[in-house]
Amino acid sequence: MLSAIVRFENLHELRRLCHWGPIIALSVVGVCSTVAILDSIIWFWPLDSTGGSVNFIMLINWTVLILYNYFNAMFVGPGYIPLGWKPENPQDTLYLQFCRVCRGYKAPRSHHCRKCNRCVMKMDHHCPWINNCCGHLNHAYFTSFLLLAPLGCIHAAFIFVMTMYTQLYDRISFGWSSVKIDMSAIRRSHHPIMPFSISAFAATLFALGLALGTTIAVGMLFFIQMKVILRNKTSIEVWIEEKARDRIQYYQTGEEFIFPYDLGGRWENFKQVFTWSGVPEGDGIEWPVHEKCHQHTLTIEQLKQKADKRVRSVQYRVIEDYNGACCPVGKGFRTFIRTPCTEEPRIPLTRGETIFATRAGGRIRGWFPRRCVEKCLYDSANSPPADGAKKDN
């Protein structure tokens, strides 16, 4: 029975690869790596010189490290709170949120992921590119992948540029009003092991575009991740902290909110995620905290924000129908380009309906075009909901 369960879990993990995110990510890695290896043979044959050998070994090294951290981020996973989990001290349940899906309490820093359908330890976000959550156990692998992918793409882009330059240098002729490339010409000074044909030129140009795009996009994600890691936060906790300051300012309570997990130094915060063993600090449930805080400082703030949302809910009236399309082309170009590039569910709307923008009460969560609704002018918190009203996240 146990072996059958293990086989089922292994099969479930392998199914993570059957998703558009990993397929695209691995395709980009495969294309850039393959074309870079072939171009290295054309431009800098590794057996002719020490430099060629070093260049080729570094290229293979980038590919191995990128795939190693990528698959670890995907298959190691973020770590999940056990189903039905309860704190050892029953009184601590007063400071924790209860998850009705997992039928247990949410440990500090954990959040329920609708995609994974589990409460995730120190959840940062659900990443479609690894088809898994980024959290406690795989945060270091994920961030390492974000660092290595741009570095490998920079190296590959350099190979692409040098290959095209060396192969096209004697084949380009400039006229008064035109530029001609003679792909049938053979260089006098160099005879490559492999021919550089038109198809090779097109593949190199395409791979160069992929490498440059990946460097910019993934590089930006790396800096975002490092910014939160050096403060020992997650992307979700950054948002919670901002809402805490807004709540204190709105009600003028005079509270001083101190983020409990910032240990005061960037190096100390860094070591909470990156360790020599590869296993992050902590068990995913209890965490080292600031001297002026305790284990439930952040969870208490979350409960206050949840109660505040019930009071400060905003009521909207639907003025345009929306069929729940993933890309609402008919709602205008501005709405189309601002559509979130996530798998977040779309909420169909019918003209005349009423929507409460709050997490309290209803369980309907998702996205819809802002132009389809208008804000009601009366106080929705003190007004009874209209017939057929929806409550939205």
Side-chain angles (χ1 to χ4, degrees), residues 73 76-82 85-89 91-99 102 104-113 116 118-127 133-144 146 221-249 253 255-306 308:
V76 170
Y80 302 107
I81 302 297
W85 179 83
K86 295 180 180 180
E88 295 182 359
N89 185 355
Q91 292 184 348
D92 290 343
T93 58
L94 300 175
Y95 313 123
L96 300 173
Q97 298 183 66
F98 185 80
C99 179
C102 298
Y105 288 90
K106 299 179 182 179
R109 311 191 79 176
S110 68
H111 302 273
H112 186 84
C113 175
C116 299
R118 290 289 299 274
C119 286
V120 177
M121 295 179 177
K122 193 187 172 185
M123 179 178 175
D124 186 88
H125 67 287
H126 184 91
C127 178
C133 276
C134 175
H136 175 55
L137 296 181
N138 65 349
H139 204 172
Y141 291 121
F142 180 76
T143 308
S144 298
L146 296 183
L221 293 177
F222 169 73
F223 283 110
I224 293 173
Q225 285 297 311
M226 285 305 301
K227 183 178 180 180
V228 296
I229 287 175
L230 293 177
R231 298 176 182 177
N232 202 13
K233 299 178 182 178
T234 65
S235 301
I236 295 176
E237 289 167 352
V238 170
W239 176 237
I240 293 174
E241 185 180 26
E242 291 179 1
K243 291 194 293 183
R245 303 191 190 285
D246 290 342
R247 181 186 63 81
I248 293 172
Q249 183 179 8
T253 60
E255 301 175 58
E256 180 187 9
F257 178 77
I258 300 175
F259 184 74
Y261 306 114
D262 189 345
L263 302 182
R266 293 184 177 182
W267 177 242
E268 292 298 322
N269 293 334
F270 181 84
K271 291 191 297 183
Q272 293 296 308
V273 176
F274 293 93
T275 61
W276 290 111
S277 64
V279 180
E281 295 288 342
D283 58 1
I285 295 179
E286 293 188 3
W287 309 91
V289 296
H290 190 276
E291 59 182 6
K292 295 184 180 180
C293 303
H294 54 81
Q295 287 292 323
H296 301 106
T297 298
L298 193 66
T299 58
I300 292 174
E301 174 58 34
Q302 289 177 262
L303 292 174
K304 290 180 180 179
Q305 292 179 11
K306 190 172 183 178
D308 182 46

In chain order, what residues pass the salt bridge (charged side-chain N to carboxylate O under 4.0 Å, His left out) check against Asp308, with sequence neighbours excluded? Arg312
All heavy atoms of Asn138 vs all of Pro78, minimum pair found to be OD1-CA, 3.5 Å
Test your reading of the model: is there a side-chain donor-acceptor pair from Gln305 to the backbone of Ile240, 3.5 Å cut-off? yes
Can you tell if the side chain of Phe257 reaches within under 4.5 Å of the side chain of Leu298, non-hydrogen atoms only? yes
For the OH atom of Tyr80 and the SG atom of Cys113, what is their distance to the nearest 0.5 Å? 7.5 Å
Residues in salt bridge (charged side-chain N to carboxylate O under 4.0 Å, His left out) with Arg266, at least two apart? none
For residues Pro108 and Tyr261, determine if any side-chain heavy atom of one lies less than 4.5 Å from a side-chain heavy atom of the other. yes
Contact check, side chains of Thr297 and Val289, non-hydrogen atoms, under 4.5 Å: no
What pair of heavy atoms forms the shortest contact from Leu137 to Gly77, and how long is it? CB-O, 3.3 Å
Can any side-chain N or O of Asn232 pair as donor or acceptor with the backbone N or O of Asp262 at less than 3.5 Å? no
Please evaluate residues Met123 and Ser235 with respect to the criterion side chain to side chain contact (heavy atoms under 4.5 Å, CB included), reporting the C-alpha separation (whole Å), side-chain torsions for both, the decisive distance (0.1 Å), and the verdict. CA-CA 8 Å; Met123 179 178 175; Ser235 301; over 6 Å; no
To the nearest 0.5 Å, tell me how far Thr275 OG1 sits from Phe270 CZ. 10.0 Å
List in chain and number order the residues that pass side-chain hydrogen bond (donor to acceptor under 3.5 Å, both in side chains) with Lys233, two or more places apart in sequence or in another chain; answer none if no residue qualifies. Glu241
Using a distance-only test with no angle check, is there a side-chain donor-acceptor pair under 3.5 angstrom linking Gln272 and Glu268? no
Between NE2 on residue His111 and CD1 on residue Ile81, distance to nearest 0.5 Å: 10.5 Å
Could you tell me if Gln97 and His112 have a donor-acceptor pair between their side chains, going purely by distance under 3.5 Å? no
Between Tyr141 and Gly278, which heavy-atom pair has the shortest distance, and what is it? OH-O, 4.1 Å
Looking at OG of Ser110 and OH of Tyr105, how far apart are the two atoms once the value is rounded to the nearest 0.5 Å? 13.0 Å
Could you walk me through whether Asn269 and Leu263 pass side chain to side chain contact (heavy atoms under 4.5 Å, CB included), step by step? CA-CA 6 Å; Asn269 293 334; Leu263 302 182; 3.5 Å; yes
Lys122 versus Val273: any side-chain heavy-atom pair under 4.5 Å? yes
Using every non-hydrogen atom in the two residues, find where Leu96 and Asp92 come nearest and quote the distance to one decimal. CG-O, 3.4 Å
For a 4.5 angstrom cut-off between non-hydrogen side-chain atoms, does Phe274 reach Ser144? yes
What do the steps show when you test Glu281 against Lys271 for salt bridge (charged side-chain N to carboxylate O under 4.0 Å, His left out), and what is the final call? CA-CA 8 Å; Glu281 295 288 342; Lys271 291 191 297 183; over 6 Å; no
Is there a side chain to side chain contact (heavy atoms under 4.5 Å, CB included) between Trp85 and Cys119 once you walk through the steps? CA-CA 10 Å; Trp85 179 83; Cys119 286; over 6 Å; no
Quick one: does His294's side chain get under 4.5 Å of Ile300's, heavy atoms only? yes
Could you check if a side-chain atom of Thr253 sits within less than 4.5 angstrom of a side-chain atom of Ile248, using non-hydrogen atoms only? yes
How long is the span from the NE2 atom in His136 to the NE2 atom in His139, to the nearest 0.5 Å? 11.5 Å
Is the closest side-chain heavy-atom distance between Asp124 and Cys133 below 4.5 Å? no
Within this structure, what is the NZ-CZ distance for the pair Lys304 and Arg247, rounded to the nearest 0.5 Å? 5.0 Å
